[in-house]
Structure formats: C-alpha cells, structure tokens
Amino acid sequence: MHPVLTTVLKRVGLGVVTLIMVSAIIFSSVSLLPGDFGESVLGQAATEETVAAFRRELGLDEPAIKRYFNWLGAAVKGDFGTSFSGRSASGVDRSRSVASLVGPRLYNTLFLAGITALVAVPLALILGLTAALYRNSFYDRSVNAVTLTTIATPEFFVAYILILLLSSLWPIFPSLANIDASTPLGERLYRITLPALTLTLVIVAHMMRMTRAAIINLLASPYIEMARLKGASRSEIILKHALPNAWAPIATVIAFNLAFLVVGVVVVEVVFVYPGIGQLMVDAVTTRDIPVVQACALIFAATYIILNLIADIIGIVSNPRLLHPR
Amino acid sequence: MMSSADNVVADTVSNTMDNEYLVDMRGVHIEGFSDEQWHPIINGVDLQLKRGQVMGLIGESGAGKSTLGLAAMGFARAGCRICGGSIHFDGIDLLSATDAEKRKLWGGRMTYVAQSAAAAFNPAHRLIDQTIESATRAGARSDTSSGGMNLHEDAVELYRALKLPDPENIGQRYPHQVSGGQLQRVMTAMAMSPRPDLIVFDEPTTALDVTTQVGVLAAMREIVDTYNTAAIYITHDLAVVAQMADVIKVLRYGEEVEQAQTREMLSSPKEAYTRSLWSVRSLEKQEAKNDDEILRLENIDAAYGKTKVLHDVSISVPRGKTVAVVGESGSGKSTAARVITGLLPQLGGDVIFNGESLPVALANRSTAQLQKIQMIYQMADTAMNPRHTIEEIIGRPIDFYLGLNKSEREQRVYELLKMIELDETFLDRLPSELSGGQKQRVCIARALAAEPELIICDEVTSALDQIVQEGILKLLLKLQQEFNISYLFITHDIATVKAIADQIVVMFDGKVVEQGMKSEILNPPHPEYTQLLLSSVPEMDPDWLTRLLNEQSDRAEIMNR
C-alpha cells in the first residue's frame, strides 16, 4: 500500500478516536449542567413521584455510563433520539425526533457556510497572493488595513453596518434572512446576501494574511533565489515556486475558518433571524433539551475534526517528500 | 584549459569587437543592511573575465565572495545593494538594466550554481522540469550545439555527460529522492541547459564528501571545457580552486588582496595574507602511543528504527590521545558518537569506559558517568541556546556537575574563558554576537566545564574557515596536553586528521574498514576504500585532478555515488 494512503488512514482512525473522546466529554458535561429537565418542565408544583415517573419515561433514571453507550450506539446509526421539548405535564406528547429538528437547521447552516466559503476562500487566496506579489506596496498595505479593520470589528457590528447601508439607506438586500424549506434557490441566495457578506468580511482577513505570510515566508528560501536567478518573473515565483510549497499552512487556516462558519455564527444568525443550527443549540440549552444539545455539539465537533482532517490530508498530499518517498 | 579559452576569445572576437571582456566590473561597491544601517561588503573591487575563462574567487567567509559573484550577474541579495562602480556583461550595463532586461540574461546567458543543492532545488517540482525551466523560458535556442534536439532530450544528454546514473529517468525524480552529489550534478546540468556564456559556481562542492566531490569537480570541469563557458568559481578551498581555475583572485574584507594565474599564485603568492591561507594545511601533530585505554567500543550494532547503521563496530581510544574517525556522510561516524553518549541505545555490544561497561540507556547512567564524557558539535550555532549569555552557557555544566557556589562558579567561568583565549567581556554576550570561531570556542569551554576525561568532537571544524580551523585545532591540542583529555574526533577532512590525530579509524557503510596509528593508516598499503578516500583529498597541485582521473581505472566506483 502506498505510504501516503497508510498515513491518511491513520489520520482518519485518529479522527474517529478523537470524535469518540469528544462525545464522552460532551455527554458528561451536559450531564453536569445544573438543573433538571423534569423539574423545569413539570414546574414547582409537581410531586416527587411525577418527576420520578417523568424521568423514568425519558430514561434519565438509568446510570450515566449506560445512557452514554445507549446514546452513542444510536447516534452511530444516525438516531439522535427524541427531543425533550414538546412534552408537557399534561402528558400530551408532541415531541419530534432530534434528527428532524436538527436536519433542516443543519442544512441551512451548511448552505450559508457553503455560499460564504465559495466567495471568501477564493477572494482570500487572490488577495493574499497579490499582496505577497506586490509586497510592501500601497496595494499590499491597503488590503492589510481593510482586512484588519473588518476582523477587528465585532461581527454583529459589521452586520448592523451592512444592514444600515444596504437595506436601510439603500434598500438593495433584505435585512431578514428568514427562509424555510419551500424557499426557491434564487430567493434563498438573495436573502442570505447580507449574512454571507458579513461572514465573508469576518473570515477573509485571517485566511488572506496567512496566505500572504506563508508565501512571504518561503520567499527567503534559497530555491526562490535560484528561481530568480533562472529568470523567473515575480508572478512565476509566487505561483509556481512558492505556492506549491505553501499549501499546508494555507489549508490549515482555511479549514479553521470554514469550521467557524459552521459552529461560530450564532450571532450573525440572530441578527439576521436566520434559522441555522447555532440558534437551535442556544434554544436547546435554554430549555435543557439535552438530546438536541448533544446532537449539535457532536455535529460541531465532527465539523472541526473532518475539516482539520482534510487540511491534514492536503498538507500530506502537497508534500512531495511524503507523496513520493525515496 | 587556457589555450581553449584563448581560442574562444579569438573565435568570438568578430561579434564582440568592442567587448574584450565578457564580464567587466570596475570599482564595485556593495553594501548590506543590518542593525538598522548600511555596512560596506565590497569596497571597490575590479573583476574582468574573458570568454571561456574560469576565475577562482577565494577568501574566508565574510570576505564578500558570494556577493561579488552574484554582482557579476547584476544580482544583489535581499538586504544588499550595489552602490557604486560599473558592471558590464558583454557590453550590457547591468546596473542601469531594468529587471525585465536582467531576467532575460538570468537563466539564459548567465546561470548560477548554488552551494547547497538540497536547498536550491524547489522540493515541489521534478528535477527535469527544474533543469529545463530557464531554457524553456528563454524560448527556442539558436545555438546549434544542441541541434534539433528538444530540451528534454538535451537535459538527458547533460545528465549523461555529468555521469548521473540512469540519465533517462533520473529527471522524473524529486530533489529529496537523489543524493547530495547527484543533486549538485543535476544543478550543474540545470545551469548548463540554456548554454550560458557565464556560470557562477558558489561553493558548489563544499557540502559534499571528498569522494563525491571528485566526481562533481571532474564533471563540472569537463562540461565547462566542452562548451567553452566562462565561469566564476567561488570557494574557500584552495586545493579545489587549483583544479578548476585559470586565474585566482583572493578577497579579504571585501577588497582584492591579489590576483594571478593559478600556477603562479600557487607557487609564489605575493601577499602575506595569501601565504597564510596556503600554510594552514601544514599543521601536523606528532603521533604518540598509549596503551592505557579510556574507552572501548566492543562489537556495537545499532539501528535507527529498522535501518541498521552500525555493524559490529569496535573502536579503542587511548587515554590522553586523539582518535580520528573518518569516513563519508552516512558511514556511521556520528551514530557511533550517539551510542557512546547514550543518545542512541545500541542493539548489541558494549561501551567500556574506564574499565566499566556503561549502561545502554542515557537515563540509567550516573551523573559521574555523564560528566566524564562530553560532546562538541559541528554547528556551534544550533548547539547553544540563543537566549542564554555566554556565562550561562558555560556555567550550566558547572552547576549541574560540580555544584560550586556563586563566587567559585564565577571564578571557574572566568578561568574557562581564559583557557579558550577569550576574555571576560564575553560573559554577558549572546551567541549571536560572536563569530563562528568564537562560538565553537565557547562550546569547547562548555565541554571543559564538566571536567571530562573524553570529549567527542563531531566535525567541530567543518563549518569554519581554514584559518579559524587552525586556531581551534591548536586550542584543542593545547588543552589535551594541559589536561590529558582524550578526543574522539569525527571528521571527513584528512588535513584535519593529520593535524590532530594519533590514531585513525576509517569507517564505511557502518563498518570499521581499518584502524591503527596515523602513520600506518596514511601510508600504503591501504584497503580499497581507504585508498579511495585518501586519493580523493584535493591537493594544492593544479594537475592533481587530471592525474587522479587518469589513474582511476575504476572510475565507476566514484561516479555512481
């Protein structure tokens, strides 16, 4: 077997192990959350017996270890259990499965993240490469200054500024990004313009600066001097001689920012009333809807692990020493 | 070589009527930027080179050789600027040329061969693509010497001419997949590919083993001869430059010391500085025997992971004497040192020190055992913590092993500084403020601070200039006489061996080829490998390489490295 394949498989295995460890951490920390779902739903008036019966129904009376393995075993099969919400003291059960709650929200989040990434990643790469190419020029300094400003500004503030400019003063885009399953694609894109733009402004700076730094870091290498002495032009040096050796750090920072687009956008979701997974999780924490909280946390962890795994693999594949061993 | 160069001048005189010289540098001044100000690097040097001529540029590091060589191409490194004089290449004024104009010359009519081939090749691209990159850029070649061949075939021909193994396919490899000697030859092919008028060789063989160096030197000389290319050959190794150059220019502190034809320069150097360069290699220690053994390696086997690197190695070190371990890189010299110090536990065999067997693992050795064996490394730079002052660096082993109080310790550091011929003004300095030779002296003081009986010196002079080398070797000899210290001296340089050794161990491929007193090893008869190693050491005779190549009936042995 090709050694790179072995390395990649090892990384995948490690990723799975990490995910299992994270699931244990999630489960135990959720168990440590103060308060009790039974008490909070049934209210102060409920008798001890009612609460105990309610807990038994939800399976909360079983030992934590057993509950953990039940939950993990089901989660592996894609079954994240049933949401606690929708139950009430009246005994009417309008609860829904966690998957049916999380599914559409996750889709919305991935949609917003995907569209943002499609714009932000190429933009950041182009800005980073051109900034490296025209290093220390007016262009370089302006790009740096602008991206630094956007990253230094809190994202809700960026969002409100954009709303003020683009939907209030000049009403071009809607300030509410409320979509549902029936919204057609064109309409969806139109409505998420402002949140996507906000997120782009937030993440471009980091990726762009890392690209620039990774390239410039390599420009001091002897092989870049050699390339210059072989008559390579500036753009050839950047694109042909530096970039192929810079993919690993660039991929890492891109993965980090893409993960942020999935797990870190709750503020932007709230501002634009976008039905994403972040809001769902916050709501679930407030109502102590443990199955939903656990499912969301697991999805977030998996996002980080998978994206970092991809970055690792790009790092391995872009390294000729690993790809073409002696 | 001179005669052919003259012919070329005659041949090409028709199209270069007004340029007698291919390279014509006059009164060149170059400055470098450091510590927030510009410092002069080159102070008004003239350099004229005719077509087909090879000029050797020699001098210590910091003399400005590389800077001058690159300036001949109109190139200044980042942080350097050419601030005076004139530089013409075939009548083109390089100082007023635009970047675009210079790029047409670079990689076309003038090319560069760098010191470290491993660093000068882009790790991300195949060798063949890098070899023909500049020629591809220069477009279809008008030169008839490559005939109708395409660049790819031409590169293969160059690989063949440079005696690279498997010339058809080696280009498909990546830089990390071939050896250093091969990479240096591929770089020469890369420089030759556009059939330039000028090649600047910047210490092209300094990083190679002597046995590998011979092959690379021969290949470079042959190809420069064949295509009548003019070359500037930068090196600090006189014996090497004697083989390559028609003319030698000696530089010091950015100024020209003298220039003369090679033979004249070697036989009768005019300046005192040049003569001092010449005399360094004459240092020689009188060998002496001692039957009292301080260290014995018995049938050591060792491996890195699954790769076995030492096979049944037995070495004996007499007390108060120097044993030089010689061999090329990969022969297991440094691995043997790692086994002795406990850094690499051996798989089999014994390390006997002062009559007792040392525990295999470092962790099981007593402080006293650790104290008695100290080590000095090749790269003094990386062997010292850059944020510690010299006092802290030398004081640490004193604290660790001797536990002196503050004033005793201060006194001891001061004594040690005196021993290495530095004064107390160095106490508060950081390693970065010291020269290469001073750094190595501090490393020696650090080893001495532990009051060891045996010091392992791993290529301690290899990174230094010859004059500085001489100082370090003399210091080590003095310390040996004073404190009866034993040295295990790892080196690949035979001149160093002559200067310091009592006994020699020759290693090859993880095995001991032979060992014995210096006089026995250096005088015939030799085992085959020792013969190869000794004959590969360049001599200060311009005909040495030619003679050696004629003698070597079995050239394949060297060429295939």
Side-chain angles (χ1 to χ4, degrees), chain A residues 1-4 6-7 10 129 132-137 140 211-251 313-326, chain B residues 66 69-70 72-79 99-127 129-139 172-179 187 190-191 193-194 196 198-200 202 307:
Chain A
M1 194 157 55
H2 195 283
V4 164
T6 326
T7 318
K10 268 186 204 158
L129 289 174
L133 187 58
Y134 303 107
R135 181 161 45 135
N136 300 332
S137 67
D140 179 24
T211 307
R212 177 181 179 276
I215 297 280
I216 286 177
N217 192 23
L218 290 176
L219 291 184
S221 321
Y223 62 81
I224 296 293
E225 180 178 281
M226 193 58 162
R228 287 191 66 196
L229 286 167
K230 282 161 77 180
S233 65
R234 271 175 119 155
S235 52
E236 277 177 305
I237 284 171
I238 302 276
L239 294 176
K240 194 174 159 196
H241 289 279
L243 186 58
N245 296 296
W247 280 124
I250 294 176
I313 292 172
I314 289 174
I316 292 167
V317 172
S318 70
N319 184 343
R321 283 170 191 277
L322 297 172
L323 198 58
H324 309 276
R326 292 186 79 112
Chain B
S66 293
L70 286 169
M73 300 176 72
F75 184 90
R77 286 206 161 114
D99 261 12
E101 285 165 348
K102 280 190 281 193
R103 276 207 299 273
K104 275 192 194 131
L105 296 174
W106 293 340
R109 294 190 62 195
M110 39 170 98
T111 55
Y112 179 69
V113 176
Q115 172 169 4
S116 165
F121 274 97
N122 191 323
H125 299 298
R126 294 180 194 276
L127 294 175
D129 297 332
Q130 302 196 53
T131 306
I132 62 175
E133 183 189 346
S134 46
T136 312
R137 192 176 297 118
Q172 294 306 315
R173 296 178 168 224
Y174 284 86
H176 68 273
Q177 292 175 309
V178 303
S179 73
M187 186 149 58
M190 180 162 91
S193 168
L198 170 71
I199 302 184
V200 176
D202 193 352
T307 326

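Numbered from 1 within each chain, the chains take letters A, B, ... in sequence-line order.
No part of B:V200 comes within reach of chain A, as not one of its non-hydrogen atoms sits under 4.5 angstrom from that chain. In this structure, the portion of B:R126 lying under 4.5 Å from any heavy atom of chain A is its side chain and not its backbone. Contact of B:L105 with chain A is not made at all, since no heavy-atom distance falls under 4.5 Å. Contact of A:A232 with chain B is made through backbone and side chain together, with heavy-atom distances under 4.5 Å. Looking at B:A78, there are no atoms closer than 4.5 Å to chain A (heavy atoms on both sides), in backbone or side chain. For A:S318, no part sits under 4.5 Å from any heavy atom of chain B, backbone or side chain. With a threshold of 4.5 angstrom between heavy atoms, B:Q115 does not approach chain A through any atom at all.
The environment of A:R212 atom CZ is dense: over 12 non-hydrogen atoms of other residues, nucleotides or ligands sit within 6.0 angstrom.
Nearest heavy-atom pair, B:R137 versus A:K230, reported as atom, atom and distance to 0.1 Å: NH1-O, 2.7 Å. Scanning all heavy atoms of the two residues, the minimum distance from B:A120 to A:Y223 falls at O-CB, 3.4 Å. The two atoms that bring A:P244 and B:A124 nearest to each other are CB-CB, 3.7 Å, heavy atoms only. Here the shortest heavy-atom pairing between A:L229 and B:W106 reads O-CB, 3.4 Å. Of all heavy-atom pairs spanning A:K240 and B:N122, the tightest one is O-ND2, 4.2 Å.
With values rounded to the nearest 0.5 angstrom, B:F121 atom CZ is found 6.5 Å from A:M226 atom CE. With rounding to the nearest 0.5 angstrom, the NE2 atom of B:H176 is 7.5 Å from the NE2 atom of A:H324. A:H241 contributes atom NE2, which lies 3.5 Å from atom CD of B:E133 (distance to the nearest 0.5 angstrom). To the nearest 0.5 Å, atom CZ of residue A:R228 and atom CG of residue B:D99 are 6.5 Å apart.
Considering only heavy-atom pairs separated by less than 4.5 Å from chain A, the leading option among B:K104, B:K102, B:R77 is B:R77.
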